[in-house]
Novice: 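Mind having a look at this structure? Questions to follow.
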Amino acid sequence: MFIGDHLKDARKKKGYTLEQAAELTHIHKTTLHRYEKGEIHNIPLKKLLNLANIYDTNLCFLLGFTEPEPASKGFSARIMAYAERSYLPSEEKVLNKYRQLDTHSKHLINLMMDLEHIHRKN
């Protein structure tokens, strides 16, 4: 599933039509439809956060992540271990990994960087 699938699922679970969701989010109906169909990949972070709020869900669900795990297990533990590293891989290694990702994964990485950038500015 991609972000568009999760957006559509969240909207339908809430019982909204595209028209109702468009009115609540102030995003044009056609644009919402294109998000759900995957025709628009670069959905602005503010719009994703707004959609998550209107649909009573969270950004993790819309991005396709499962429920958060306890910090001592799984993905969260790997993230924490990575964050506590005293060294960083070279930019070249990071860019090479990034270049091997599919479009969906690249969008997720870009969203995470946007979130971190916003966090650092505040």
Novice: side-chain contact (heavy atoms from CB on, under 4.5 Å) between Leu32 and Leu51: does it pass, once the steps are laid out?
Specialist: CA-CA 10 Å; Leu32 283 177; Leu51 287 162; 3.7 Å; yes
Novice: Can you measure from NZ (Lys12) to OG1 (Thr17) and round to the nearest 0.5 angstrom?
Specialist: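 Here the interatomic distance stands at 11.0 Å.
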Novice: Between Ile3 and Leu48, is there a side-chain heavy-atom distance shorter than 4.5 Å?
Specialist: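 They are in side-chain contact.
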Novice: For the CD atom on Glu39, are there more than 12 heavy atoms of other groups (residues, nucleotides or ligands in this structure) within a distance under 6.0 Å?
Specialist: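 Above 12, so yes.
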Novice: Donor-acceptor pair, distance only, cut-off 3.5 Å: does the side chain of Arg11 make one with the backbone of Tyr16?
Specialist: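 Yes, Arg11 side chain to Tyr16 backbone: donor-acceptor pair under 3.5 Å.
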Novice: What are the two closest heavy atoms between Lys47 and Tyr35, and how far apart are they?
Specialist: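 Minimum heavy-atom separation between Lys47 and Tyr35: CD-OH, 3.3 Å.
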Novice: Where do Leu59 and Ala52 come nearest, in terms of heavy atoms and distance?
Specialist: N-CB, 4.0 Å
Novice: Shortest non-hydrogen contact from Ile43 to Ile40?
Specialist: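 Reported closest heavy-atom pair: CG1-O, 4.0 Å.
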Novice: Rounded to the nearest 0.5 Å, what separates atom CG in Asn50 from atom CD1 in Ile27?
Specialist: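 The CD1 atom of Ile27 is 5.5 Å from CG of Asn50, to the nearest 0.5 Å.
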Novice: Do Ile109 and Leu95 sit in one hydrophobic cluster, given that two such residues count as connected whenever their side-chain heavy atoms are within less than 4.5 Å of each other, even indirectly?
Specialist: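 Different clusters: Ile109 never reaches Leu95 through Ile, Leu, Val, Met, Phe, Trp or Tyr contacts under 4.5 Å.
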Novice: When you look at Tyr98 and Asn110, which way does the side-chain contact (heavy atoms from CB on, under 4.5 Å) test go after all the steps?
Specialist: CA-CA 10 Å; Tyr98 180 84; Asn110 290 332; 3.3 Å; yes
Novice: Nearest 0.5 Å please: distance from the CZ atom of Phe61 over to the CG atom of Leu7.
Specialist: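 Here the rounded value is 9.0 Å.
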Novice: Does Ala21 offer a backbone N or O that forms a donor-acceptor pair with the side chain of Thr25 under 3.5 Å?
Specialist: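 Indeed, once roles are kept as given, a pair shorter than 3.5 Å links the two residues.
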Novice: For Asp9 and Tyr55, test the side chains for any donor-to-acceptor distance below 3.5 angstrom and give the result as yes or no.
Specialist: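 Absent: no donor and acceptor within the cut-off.
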Novice: Distance check, rounded to the nearest 0.5 Å: His104 atom NE2 versus His41 atom NE2?
Specialist: 10.5 Å
Novice: Over all heavy atoms of both residues, which pair between His107 and Asn42 is shortest? Give the atoms and the distance, please.
Specialist: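 In terms of heavy atoms, the two residues are closest at CE1-OD1, 2.6 Å.
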Novice: If you define the side chain from C-beta out and look only at heavy atoms, does anything of Leu18 sit under 4.5 Å from Glu36?
Specialist: yes
Novice: Could you report the tightest heavy-atom contact between Ile54 and Lys14, atom names first, then the distance?
Specialist: O-CE, 3.9 Å
Novice: Please check this pair: side chain of Gln100 against backbone of Lys97, looking for a donor-acceptor N/O pair closer than 3.5 Å.
Specialist: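 A pair under 3.5 Å: no.
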Novice: Please check: side-chain N/O of Asn96 versus main-chain N/O of Glu92, any donor-acceptor pairing under 3.5 Å?
Specialist: yes
Novice: Drop me the distance from Asp5's CG to Lys37's NZ, to the nearest 0.5 angstrom.
Specialist: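 It is 9.0 Å, given to the nearest 0.5 Å.
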Novice: Can you confirm whether Leu49 sits close enough to Leu45 that some side-chain heavy atom of one is under 4.5 Å from a side-chain heavy atom of the other?
Specialist: yes
Novice: For residues Phe2 and Thr103, determine if any side-chain heavy atom of one lies less than 4.5 Å from a side-chain heavy atom of the other.
Specialist: no
Novice: For residues Lys106 and Leu101, report the shortest heavy-atom separation together with the two atoms involved.
Specialist: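 Where Lys106 meets Leu101 most closely, the heavy atoms are CE-O, 3.4 Å.
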Novice: Atom CZ of Arg34 and atom NE2 of His28: how far apart are they, to the nearest 0.5 Å?
Specialist: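 Arg34 atom CZ to His28 atom NE2 measures 11.5 Å (nearest 0.5 Å).
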